[in-house]
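Shown below is the structure under consideration.
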Amino acid sequence: MKYNILTLFPDMIKQGLNSSIIGKAQEKKLINIETINIRDYALNKHKQVDDYPYGGGAGMVMQPEPIYEAYKEITKNSSKKPRVIYLTPQGKKFDQTMALELSKEEELIFLCGHYEGVDERVIEMVVTDEVSIGDYILTGGELAVMVMIDAISRLIPNVLSNETSAETETFDDNLLEYPQYTRPAVFMNRQVPDILLSGHHKNINMWRRQQSLIRTYNKRPDLLEKANLDEIDTKFLDKYCKKK
Ligand code: 6GU
């Protein structure tokens, strides 16, 4: 996967994605993160990339030319046109389903806006997808891109060392994960649940499934409607709800 990011703050993105699993994935060439500084494509000698909004009002608007020139530079060697994702609170809400869909692309371009926005014409001309990471306003798209690249990259084969770990986890089946414990078996008078020390894998799996159901019911009941529950799950939840 090749990620191209059009931004005014390339260092923020490079530093933010250089550590841990995403850093390793870059070293192993499983992903390639290229940042393009929009300012390098400024037309004037002051390297200005924004200007006052036509019609008046507060703030500054990013000008279309530097963004368009930067976009042309990235795509000049691409055989097929990559999707161009504009990060904006007005976009479609990013979720695990979108992360999985995007992880199957070969190349993606991200456009990070700043100031009060980006000139509408260049958005119309180059952007294929508008995406938001949630209902709140960020100062720019950089943190949003980092969130997306993290979530997408861990779904790319071999990025996670244990391949199954991306498969049996939260949101995959719309259930939250069961609680995890490690040594010591007693911490400040709190015992690890006995069943986990029993070595009885069938019972452990059943307990974990039940914990997932309980957690989802208590913390994210909205997810339960989308979850794929079998008869055993439903019976267990019914019983649990009556006890509560
Ligand atoms: Cl993608 N960009 C900005 N600037 N703010 C946001 C956002 C994106 N998603 C939520 N807030």
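Since this is a predicted model, take the numbers as computed values, not measurements. Numbering of residues begins at 1 and proceeds along the displayed sequence. All ligand and atom numbering here is 1-based and tracks the order in the structure.
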Give the atoms of ligand 1, by number and element, whose distance to some non-hydrogen atom of Ser132 is under 4.0 Å.
1 (Cl), 9 (N), 10 (C)
among protein heavy atoms, the one nearest atom 5 (N) of ligand 1 is Leu138 N, 3.2 Å
Over 60° means perpendicular and under 30° means parallel, so classify the ring planes of Tyr240 and Phe236, tilted if in between.
parallel
Just go through Gly117, Gly134, Pro89 and tell me whose heavy atom is the nearest to atom 10 (C) of ligand 1.
Gly134
Of the listed options (Leu143, Ile85, Leu87, Ile137), which comes nearest to atom 2 (N) of ligand 1 when hydrogens are ignored and any heavy atom counts?
Leu87
Using heavy atoms and a threshold below 4.0 Å, how should the contact between Ala144 and ligand 1 be classified: side chain, backbone, both, or neither?
side chain
Counting only nitrogen or oxygen atoms and a 3.5 angstrom limit, does Tyr136 reach ligand 1?
yes
Report, as yes or no, whether the 6.0 Å neighbourhood of atom NZ on Lys92 holds more than 12 heavy atoms from other residues, nucleotides or ligands.
no
Salt bridge or not for Arg209 and Asp173, using N-O below 4.0 Å?
yes
Check whether Gln26 reaches the backbone of Leu17 with its side chain - one donor and one acceptor, N or O, closer than 3.5 Å.
yes
Check Thr88 against ligand 1 and report side chain, backbone, both or neither, counting heavy atoms closer than 4.0 Å.
backbone
Over 12 non-hydrogen atoms of neighbours within 6.0 angstrom of CZ in Arg121
no
I'd like the name of whichever of Val131, Ile133, Val147 reaches closest to atom 9 (N) of ligand 1 through any heavy atom.
Ile133
Check: Thr7 side chain, Phe9 main-chain N or O, donor-acceptor pair, under 3.5 Å:
yes
